[in-house]
Amino acid sequence: MPELPEVETIRLGLQRHLPGLIVKSVSSDAPKSFPNDPELVRQFLIGATITKIDRRAKVLLFELNTDYSLSVHLKMTGQLVFIGRERWGGGHPNDSLLGELPDRSTRATMHFTDESTLFFNDQRKFGWMRLVPTAEISEIDFFRKVGPEPLGTEFSLAAFRKALARRKNTSIKAAILDQTIVAGVGNIYADESLHIAGIHPAMRTGDVPLKKIKLLHAAIPDVMRLSLAHGGSSDKNYVDADGNKGSYLKFARVFRREGQPCPDCGAIIEKIRVAGRGTHYCPACQKLPRAKKVNHT
DNA sequence: CACTTGACCTGTCCGC
DNA sequence: TGCGGACAGGTCAAGT
């Protein structure tokens, strides 16, 4: 899915469009992508005003002027696309999408009283939109366990080292994909940050020297800021709230670049499988000392 | 607990 | 061209 930079890009777009809008109706493929009790929807979503769009890790939170919030996880292929008040003839920048949405991957559609619409599309149906009592969000298991935001101040080197100590026998890639270690890293930015830090993705976490852990700790927020500046990464599905693609992959160092030269040394980038995920790395810049590998594929 | 694998879905691409 | 299998950006549950 969208990883942190993509979800944050979507959040910024939604924050421009949604606050102040009043939900008129919702249609969905419930319960699959919209697992909510119809009575809760009627009471706490229909007629509610959206006040703010927040994000924690890869989860979006639509704050409502009721006791509930709408949490959204896009997983691998989710999209949230807003179509403005086209009936007013206002020339919204993505009016060209009119007629293209809904499409066959549209799982939920939220209509607002001003005739604008938010489409939740998700080809693989892994994502969801879920009403949660706002006061209980911090008690939800995921939010209790999730690690620090890499672009925030709590992501200190000390906190990172302490968290990594819990996963010392797994690969460093599996460790940084673990949302309880650091929030928002997914497959793209795991590969990119490990390349910046010069760490082989399959290296056992406990064997990565402190010097490299420091580089990795700096690389994770750096690569996310760079991606954010380019509107995120669009490989196949990702678009922002206005339907635009992100361009980070044009600048990617290793992700989806197997067979191409490493931007640092020119060696040919390889693709392997680590932690069950397709993994891209430079065999020259990211060496694996003998016996420092983790015993899974 | 720490760790790995498989499941959840649909679509696409690749080799035969 | 058709068909089977592998694979795709994320998390969970369930197994060891």
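Here is how names work: the chains are called A, B, and so on, in the same order as the sequence lines, proteins then strands, and each is numbered from 1.
In this structure, A:His73 and A:Phe142 have perpendicular ring planes: the angle between them is above 60°, well past the 30° mark. A:Tyr189 and A:Tyr248 have tilted rings, their planes meeting at an angle from 30° to 60° on a 0 to 90° scale.
For the OP1/OP2 pair of B:dT4 and a distance below 4.0 Å, the side-chain nitrogens and oxygens of A:Lys173 include no atom meeting the criterion. At C:dG10, none of the side-chain N or O atoms of A:His73 fall inside 4.0 Å of OP1 or OP2 (strictly under the cut-off). Put simply, A:Lys32 has a side-chain N or O that comes within less than 4.0 Å of OP1 or OP2 on B:dC9. Proximity of A:Thr170 to the phosphate of B:dT4: a side-chain N or O atom is located under 4.0 Å from OP1 or OP2. Taking side-chain N and O atoms only, A:Arg273 has no distance below 4.0 Å to OP1 or OP2 of C:dA6. Phosphate proximity of C:dG9 to A:Lys236: absent, as no side-chain N or O sits under 4.0 Å from OP1 or OP2.
An aromatic stacking contact between A:Tyr238 and the base of C:dG9 is absent, as defined here by ring centres under 5.5 Å apart and ring planes under 30° from parallel. Ring-to-base geometry places A:Phe126 in a stacked arrangement with B:dC8 (centre distance under 5.5 Å, plane angle under 30°).
In this structure, the CG atom of A:Asn169 is 13 Å from the C1' atom of B:dT4, given to the nearest Å. For the pair A:Trp128 CH2 and B:dC8 P, the interatomic distance rounds to 19 Å; values are reported in whole Å. Between the OH atom of A:Tyr248 and the P atom of C:dG9 there is a distance of 15 Å, given to the nearest Å. C:dG9 atom P lies 16 Å from atom CZ of A:Arg257, rounded to whole Å. Per the geometry, CZ belonging to A:Arg277 stands 16 Å off C1' belonging to B:dC3, to the nearest Å. Rounded to a whole Å, the CG atom of A:Asn121 is 18 Å from the P atom of B:dC9. A:Lys58 places its NZ atom 13 Å from the C1' atom of C:dC12, with the value rounded to the nearest Å. We find that CG of A:Asp122 is positioned 18 Å from P of C:dA8, with the value rounded to whole Å.
Between A:Lys125 and A:Asp29 there is no salt bridge, since no side-chain N of the basic residue sits under 4.0 Å from a carboxylate O of the acidic one. Under the 4.0 Å criterion applied to side-chain N and carboxylate O atoms, A:Asp191 and A:Lys173 are assigned as salt-bridge partners.
Summarising the local packing, CZ of A:Arg225 is surrounded by more than 12 heavy atoms from other residues, nucleotides or ligands at distances under 6.0 Å.
Between C:dG9, B:dA2, C:dG10, one nucleotide has an atom nearer to the side chain of A:Arg166 than all others, and that is B:dA2. Considering only the side chain of A:Met76, C:dG10 comes nearest among B:dT10, B:dG11, C:dG10.
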- Give the intermediate values and the outcome of side-chain hydrogen bond (donor to acceptor under 3.5 Å, both in side chains) for residues A:Thr205 and A:Thr170. CA-CA 6 Å; A:Thr205 298; A:Thr170 194; 5.9 Å; no
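Annotation: of the two residues near DNA chain B, A:Gln123 and A:Arg167, the 5′-most nearest-nucleotide partner is A:Arg167. Comparing A:Gln179 and A:Arg124 by the nucleotide of DNA chain C that holds the closest heavy atom to each, the one mapping nearer the 5' end is A:Arg124.
Looking at heavy-atom distances under 4.0 Å, A:Ser233 makes contact with a base. Within the 4.0 angstrom heavy-atom criterion, no nucleotide atom of any strand lies near A:Lys145. Using a 4.0 Å heavy-atom distance criterion, A:Gly127 is classed as making no nucleic acid contact.
Both distances falling under 3.5 Å, in either a Watson-Crick or a G-U wobble arrangement, place C:dA13 opposite B:dT5.
C:dG9 and B:dC3 have their P atoms separated by 23 Å, with the value rounded to a whole Å. The P atoms of B:dG11 and C:dC12 are separated by 24 Å, rounded to the nearest whole Å.
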